[in-house]
Student: 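Take a look at this one; I'll ask things after.
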Amino acid sequence: MPQPYVIEISATGGVDVLRKTARDPRPPGPAEARVRQTAIGLNFIDTYHRTGLYPVKMPFIPGSEGAGIVEAVGDAVTGLRPGDRVAYLGSGTYATHYTGPAAGMIRLPDDISEETAAATLLKGLTAWMLLFEVRRAMPGDTALVWAPVGGVGSLLVPWATAMGVRVIAVTSSPEKAARARALGASDAILSGADDVAAQVRALTDGQGVDVSYDNVGEAAARASLDSLRPRGWWISYGNASGAVAPIAPGILAAKGSLILTRPTLFSFIGSAEGLARGKAALFGALRTGAISAHIGQRFALEDIGSAHTAIESRQTQGATLILP
Ligand code: NDP
């Protein structure tokens, strides 16, 4: 077996704080399983842990999801066996092996590969949360979708479209705009060149959109607010450009009884029932073809710094896989 290792940080900073460290895998506790990882999903949140935007206790092994093959299970585990293929959300997946709670591990059906699972679990559950749990998307809705060809966006756009939602995408380049249209968006606005809210009004007969799925944060906040129809929803679920400044409730009133929410996936899948509901919806959408894994790029785990640089500089499209 190649030497097991983890990628660890002991201080916040640039990509050079990501250090490869030899580490034997931890044996599973009674309710845990140990997995030899075959694919790790890169998520923007991993960069927030590295930079300190979301503080973590040091030393810290980043990584929020993974997939692989169960090697060993604890005495109390009944639902998993060595050899099972699984995927999971969890902290510390930048490693050759992951040991964690067996109850949170999803056994993969034969038709879902580990790469597909690592590309879609966290991001697809986020799309499910946005479309079904935070606010039920309805046929006839018009939605503004930011970063439409990114990890979450490349699942959110086709899924919303399949539900009968008209998607207006906002992205940074003509190439990405074409990709957003291919994913199902009816229109695409260029964030750097266009006045986003004015374009939205022009595309909606002056009405505005029902909802803005905003993962860009700081740079998008004003345009999200100004693009909504009265009683529209600003679903602020990420900070790719930086954290959003505080907003006075009176602004929501002045713009027509708007609704602002700031959901985080872990509030929706914290219970076994929530995770099971999300998993069923996600695997169902993959099976019907409403969505599919868009793996835009792969990096070796040893080269994790390049993966962070790529996602932080908007060079990635779709999901990014990290291969141990
Ligand atoms: P993406 O693959 O979408 O990558 C980020 C994208 O954000 C870029 O490609 C770019 O798209 C856009 N962007 C806009 N401004 C900037 C900027 N200044 N710097 C870098 N990128 C920028 O990442 P993910 O799919 O992994 O995550 C997207 C966001 O969603 C993140 O903020 C993440 O934290 C959040 N998220 C939140 C969850 C929750 O539970 N609330 C769960 C999962 C993700 P473009 O070029 O098209 O503008």
Side-chain angles (χ1 to χ4, degrees), residues 40-51 53-54 62-65 89 118-135 144-157 159 167-183 185 188-194 196 212-224 234-244 260-270 274-275 278 282 291 293-297 299 307-322:
I40 301 160
L42 178 73
N43 289 286
F44 215 94
I45 193 173
D46 305 345
T47 71
Y48 303 150
H49 293 144
R50 195 203 76 227
T51 61
L53 180 65
Y54 292 175
S64 318
E65 70 180 325
L89 307 183
T120 59
L121 190 60
L122 195 153
K123 300 163 194 68
L125 287 172
T126 302
W128 159 78
M129 167 189 86
L130 296 170
L131 295 171
F132 293 89
E133 300 281 307
V134 176
R135 171 190 179 277
L144 194 59
V145 176
W146 296 82
V149 305
V152 175
S154 61
L155 299 167
L156 180 59
V157 170
W159 205 343
V167 170
I168 301 176
V170 193
T171 187
S172 56
S173 72
E175 186 214 347
K176 286 185 176 181
R179 177 82 192 122
R181 285 197 189 87
L183 287 167
I189 297 172
L190 292 180
S191 48
D194 294 334
V196 173
S212 176
Y213 296 111
D214 181 351
N215 57 12
V216 168
E218 187 180 24
R222 173 54 57 186
S224 273
W234 177 20
I235 304 183
S236 171
Y237 74 99
N239 337 269
S241 69
V244 180
L260 164 61
T261 180
R262 199 336 183 162
T264 174
L265 178 60
F266 296 95
S267 315
F268 293 80
I269 56 161
L275 180 62
L282 173 61
I291 59 171
H294 295 281
I295 301 169
Q297 46 283 309
F299 292 85
H308 276 219
T309 299
I311 198 167
E312 287 177 302
S313 57
R314 294 177 141 170
Q315 289 167 35
T316 60
Q317 288 196 30
T320 303
L321 287 188
I322 308 299

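Owing to the predicted nature of the structure, the values given are computational and were not obtained by experimental measurement. In listed order, ligands and their atoms are each counted from 1. By convention here, the first residue in the shown sequence is residue 1.
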Student: Please could you name the atoms of ligand 1 that Ser241 approaches to less than 4.0 Å, counting only its heavy atoms?
Tutor: 15 (N), 17 (C), 18 (N)

Student: For ligand 1, indicate whether the residue Ala219 contacts it via side chain, backbone, both or neither (heavy-atom separation under 4.0 Å).
Tutor: neither

Student: Can you check whether Leu183 reaches His294 side chain to side chain, under 4.5 Å on heavy atoms?
Tutor: yes

Student: Identify the closest protein heavy atom to atom 3 (O) of ligand 1: which residue and atom is it, and at what distance?
Tutor: Gly150 CA, 3.5 Å

Student: Which atoms of ligand 1 have any heavy atom of Leu265 under 4.0 Å away?
Tutor: 39 (C), 40 (O)

Student: How far is atom 46 (O) of ligand 1 from its nearest protein heavy atom, and which residue and atom name does that atom have?
Tutor: Ser172 OG, 2.5 Å

Student: Looking at atom 19 (N) of ligand 1, what's its closest protein heavy atom, distance included?
Tutor: Ala240 O, 3.3 Å

Student: Could you list which atoms of ligand 1 come closer than 4.0 Å to a heavy atom of Gly151?
Tutor: 1 (P), 2 (O), 3 (O), 25 (O)

Student: From atom 14 (C) of ligand 1, work out which of Lys123, Arg314, Glu218, Glu175 has a heavy atom at the shortest distance.
Tutor: Arg314

Student: Using the side-chain contact (heavy atoms from CB on, under 4.5 Å) definition, which of the options Thr264, Leu265, Leu155 pairs with Thr126?
Tutor: Leu265

Student: Counting C-beta onward and ignoring hydrogens, is there a side-chain heavy-atom pair between Trp159 and Ile291 closer than 4.5 Å?
Tutor: yes

Student: Suppose we screen for ring pair (Phe, Tyr, Trp, His ring centres under 6.0 Å). Which residues come up paired with Tyr54, at least two apart in sequence or across chains?
Tutor: Tyr48

Student: Within ligand 1, which atoms have a heavy atom of Arg262 less than 4.0 Å away?
Tutor: 41 (N)

Student: Answer with yes or no whether Leu42 contacts ligand 1, where contact means a heavy atom under 4.0 Å from a ligand atom.
Tutor: no

Student: Can you pull out the closest protein heavy atom to atom 38 (C) of ligand 1? Residue, atom name and distance to 0.1 Å, please.
Tutor: Tyr237 O, 3.7 Å

Student: Would you say Phe268 and Leu125 make side-chain contact, with heavy atoms under 4.5 Å?
Tutor: no

Student: Look at the side chain of Ser224 and the backbone N and O of Ala221, then say whether any donor-acceptor pair between them is shorter than 3.5 Å.
Tutor: no

Student: Look at the side chain of Glu312 and the backbone N and O of Ala307, then say whether any donor-acceptor pair between them is shorter than 3.5 Å.
Tutor: no

Student: Are the side chain of Thr316 and the backbone N or O of Ala310 linked by a donor-acceptor pair below 3.5 Å?
Tutor: no

Student: Select one of side chain, backbone, both or neither to describe which atoms of Thr126 lie under 4.0 Å from any atom of ligand 1, heavy atoms only.
Tutor: side chain

Student: Please report the interatomic distance CH2(Trp146) to CD1(Ile189), rounded to the nearest 0.5 Å.
Tutor: 8.0 Å

Student: What's the shortest distance from atom 44 (C) of ligand 1 to any protein heavy atom, and which residue and atom give it?
Tutor: Val152 CG2, 3.8 Å

Student: I would like to know whether Lys123 and Leu156 meet side-chain contact (heavy atoms from CB on, under 4.5 Å); could you show each step before the answer?
Tutor: CA-CA 9 Å; Lys123 300 163 194 68; Leu156 180 59; over 6 Å; no

Student: For ligand 1, does Asn239 get within less than 4.0 Å through its side chain, its backbone, both, or neither, judged by non-hydrogen atoms?
Tutor: backbone

Student: Could you give me the CA-CA distance, side-chain angles and deciding distance for Tyr237 and Val152, then say whether side-chain contact (heavy atoms from CB on, under 4.5 Å) is met?
Tutor: CA-CA 11 Å; Tyr237 74 99; Val152 175; 3.4 Å; yes

Student: Considering Tyr48, Tyr54, Phe44 one by one, which has a heavy atom nearer to atom 5 (C) of ligand 1 than any of the others?
Tutor: Phe44

Student: Tell me which protein heavy atom sits closest to atom 47 (O) of ligand 1, plus the residue, atom name and distance to 0.1 Å.
Tutor: Thr171 OG1, 2.5 Å

Student: Counting each atom of ligand 1 from 1 as listed, which ones have a heavy atom of Val216 under 4.0 Å away?
Tutor: 14 (C), 15 (N)

Student: Using a 4.0 Å cutoff against the non-hydrogen atoms of Glu312, which atoms of ligand 1 qualify?
Tutor: 19 (N), 20 (C)

Student: Could I get the full list of ring pair (Phe, Tyr, Trp, His ring centres under 6.0 Å) partners for His49, not counting sequence neighbours?
Tutor: Phe60

Student: Who's the nearest protein heavy-atom neighbour of atom 9 (O) of ligand 1, and how far?
Tutor: Lys176 NZ, 3.6 Å

Student: Using modelled atom types and a 3.5 Å cut-off, is there a donor and acceptor pairing between side-chain atoms of Glu218 and backbone atoms of Asn239?
Tutor: no

Student: Can you find an N/O atom of Asn43 closer than 3.5 Å to an N/O atom of ligand 1?
Tutor: no

Student: Could you tell me which atoms of ligand 1, counted from 1 in the order shown, lie closer than 4.0 angstrom to a heavy atom of Ala147?
Tutor: 3 (O), 6 (C), 7 (O), 11 (O), 12 (C), 47 (O)

Student: With a 4.5 Å heavy-atom cut-off, do Arg314 and Lys176 have their side chains touching?
Tutor: yes

Student: How far is atom 28 (C) of ligand 1 from its nearest protein heavy atom, and which residue and atom name does that atom have?
Tutor: Asn215 ND2, 3.6 Å

Student: Ligand 1 and Met129, any nitrogen or oxygen pair closer than 3.5 angstrom?
Tutor: no

Student: Would you check if Val196 and Arg222 make a side-chain contact, meaning some heavy-atom pair closer than 4.5 Å?
Tutor: no

Student: Report the part of Trp146 in contact with ligand 1, treating N, CA, C, O as backbone and CB onward as side chain, heavy atoms under 4.0 Å; options are side chain, backbone, both, neither.
Tutor: neither

Student: Find all atoms of ligand 1 within a distance of less than 4.0 Å from any non-hydrogen atom belonging to Gly238, and give their numbers and elements.
Tutor: 32 (O), 35 (C)

